[in-house]
Amino acid sequence: MKHKTLTQSMAWLHTWSGLIFGWLLFAIFLTGTLAVFDKEIDGWMRPEIPATSLSQSAAAQQALGYLARQHPQAKTWNIGLPGERSDTLTVSAGEQRRGGGTALDPRTGEPLAVRETAGGGFFFRFHFTLNLPRDLGIWTVGLAAMAMLVALISGIVIHKKFFKDFFTFRPAKGQRSWLDAHNATAVLVLPFHLMITYTGLVIFYLIYMPAAVDALFDGDRDNLGRALRGAPAEQQVRGERPTRSEAAELTALEPLLAEAERAMGPVSSLSIHNPGRSNARIEARPVLGNRIELTKGQSMLFDGVSGEVLRQPAVSRPSLLTQKVMAGLHFAQFGGYSMRWLYFVCGLASCAMLATGVVLFTVKRRRRHDGEGAVGALLYHIAERLNVTVVAGLMVACVAFLWANRLLPVELAQRGGWEVRVFFLVWLLSLGHAIIRPWRSAWREQLGLAAALCISLPALSLLGESLGDYLYLELTSVALGLLLAWPCWKLYQAPKERAPRRVGKQPVAQVN
Amino acid sequence: MALIAALLLACGGMLGLCLGLERHYKQLWHRLPSPMLRRGLRGMGWVLLAASFAVSVHVWGWAMGPVAWFGLISLAGLSVAFLLPYSAR
Amino acid sequence: MKSKSPAWPTLSRIVAALIGGYLFTYAFTAALARLLPMDKVDALVVASLPSFLIYTLAILWTFACRNAWRAWAGMALALPLAAIGFWPQWREVLG
């Protein structure tokens, strides 16, 4: 690397950090974009759960009835309430289990036989752990995020006409168009790219950068945890001694839910400790995202008999609030559906930026791929194949994952695990396909497959009984499928045109 | 509804800024804009962007409004950039 | 950097950026947390949040340097910074 000027060394850094981590980043961004609608996808993957318009308190009453019949002796009852984004009513007894519990029909209060599935949460988990062991995954994704920051800043430095080319896009000009598309998606959506990358790092900031913990707390996490929480009020109630108590009627839930909603916004779940006793306590937790601040772990406590408020939700101190707001900006749980759509479309723009970036690398070298020696030529061939696998193949794998949810037999043991296996198997197959086919055919066939699977996704609902309301999800899937069909169709036409012309992923890379 | 209003305002604003640039004005009308017109278009662009900001803040409040606005103007700019070459024939 | 192979300076720079940059950021964050005149928890959060920006800039700086030696020299600033950040711990060790 013998570069005289700043621009040259930054260009080198941009190219290589962008290429090496671009593939990883595309996978992270695509699954992250899908995870914006994780609950909705999750609902689609559990078609046995009916759409309801029941109020939360009515649903909670049904849950209480079921719990009183099935678990009258349990210390704790947990109820996951349906809300704006999900129709799922779940109950469990005993210690709260992650995402577990029995799904109930909110109309009858009877348990539903819901298929076992990895659920929409798979995209969310893949987004920040890549399905690796948790710690390894978090560090890998963190490293990729750092590479993204480096590539963004070095990209700004090497972009000579940042403002002059602000709106420039010249279609059907081969490499020029790819560069324009890459620049436009990068520059115009830059605030989003920077925000989402930085806030992503901030979520696990003390894992990635424990310097201050080591310096000020001698690396003592427990000590730090206590200091961060401030008053130990949270723990007091959970560890309360089981004092003598008489049987007592539980308070009405409706006013309690209304009060909790007034203080914290929509409620997502209730835990009832010592139900049916005079020392009953009801803990209400909010849906994440009534504010930008990530309200994870917040709750409000009520006396279960009188309905009195025992503890108001905690207020964060300014410095912690800053961190929580930044994390909240990443999780995008605030602002309702319009904000969710904004994040989704901006996320797609990020994916387009990454895809055009890695494709640009090969487009530049397609004509003279031995210009950089034998290593350069080998790298070009690898990049061409990995581009197809990572960009088109991953999209096929994501849709195949949804197809597997409906096509795998319902009684299959460890069905959720098999769905994930289908995802990775399809991805692996796409790599094999990309290796044996010429690059143009590989792109065309994999994009075509992804488009076909997306467009025909609604047909899956005809296969079995599906009780939910999936109109928006299915429309979105068809729209995305059409978007993918576009470059696929262009690839069919391309050979007839001038040789360097290649229209690809960019949905708007229209020629005529 | 407000989302659409804010988005349309943002699109208008970005279009104004875009056409305020000589190169893109020429793309659409095949002649050079007068400096007055260029300044006018740019000024209008900024005004519309400000209006879009006001709508965003009005709907989402001071905390979320700016976040939404940044997303909106980004998407508006992107659609202007990608649609302009096709409307220019 | 004595080696004739052109891969060496590049590799050296990548290591300087990734590892040297991280150590520099680590020391910088520790020193900042120690020096901020705030409550412990506040200082911790305020010092830690910008660390990713520092790391990014450190990486960019390593690559912008005229030669790899300079890059390593810059990263060596981590030592005095670490001395500030971990001053109480070091004093204990030294007796």
Checklist entry - Taking all non-hydrogen atoms of both residues, which atom of A:Tyr205 and which atom of C:Val45 are closest, and how far apart? => result OH-CG2, 3.7 Å
Item to check | Structural part of A:Pro318 lying under 4.5 Å from a heavy atom of chain C | outcome: neither
Checklist entry - Got a second to check how far A:Leu216's CG is from C:Phe86's CZ, nearest 0.5 Å? => result 8.5 Å
Checklist entry - Within the side chain of C:Gln89, is there an N or O that forms a donor-acceptor pair under 3.5 Å with the backbone of A:Ala215? => result yes
Checklist entry - Tell me, side chain or backbone of C:Leu53 under 4.5 Å from chain A's heavy atoms, or both, or neither? => result both
Checklist entry - Among pairs that include at least one residue of residues 35-44 of chain C, which meet side chain to side chain donor-acceptor pair (under 3.5 Å), considering only residues two or more places apart or in two chains? => result A:Arg317-C:Asp39, A:Arg317-C:Asp42, A:Ser319-C:Asp42
Checklist entry - Any idea which heavy atoms bring A:Ser9 and C:Ala64 closest together, and the distance? => result OG-CA, 4.1 Å
Checklist entry - When only heavy atoms count and the cut-off is under 4.5 Å, which of residues 144-158 of chain A reach chain C? => result A:Met146, A:Leu149, A:Val150, A:Ile153, A:Ser154
Checklist outcome for this item: Expected contact set for residues 22-30 of chain C against chain A at heavy-atom separation under 4.5 Å reads C:Tyr22, C:Thr25, C:Tyr26, C:Thr29, C:Ala30
Checklist entry - So which bits of residues 187-203 of chain A come within less than 4.5 Å of chain C, counting non-hydrogen atoms only? => result A:Tyr198, A:Leu201, A:Val202
Next on the checklist: Could you check whether any side-chain heavy atom of C:Val46 comes within less than 4.5 Å of a side-chain heavy atom of A:Thr322, counting everything from C-beta outward?
Outcome noted: no
Item to check | Segment of C:Ile14 engaging chain A (4.5 angstrom heavy-atom cut-off) | outcome: side chain
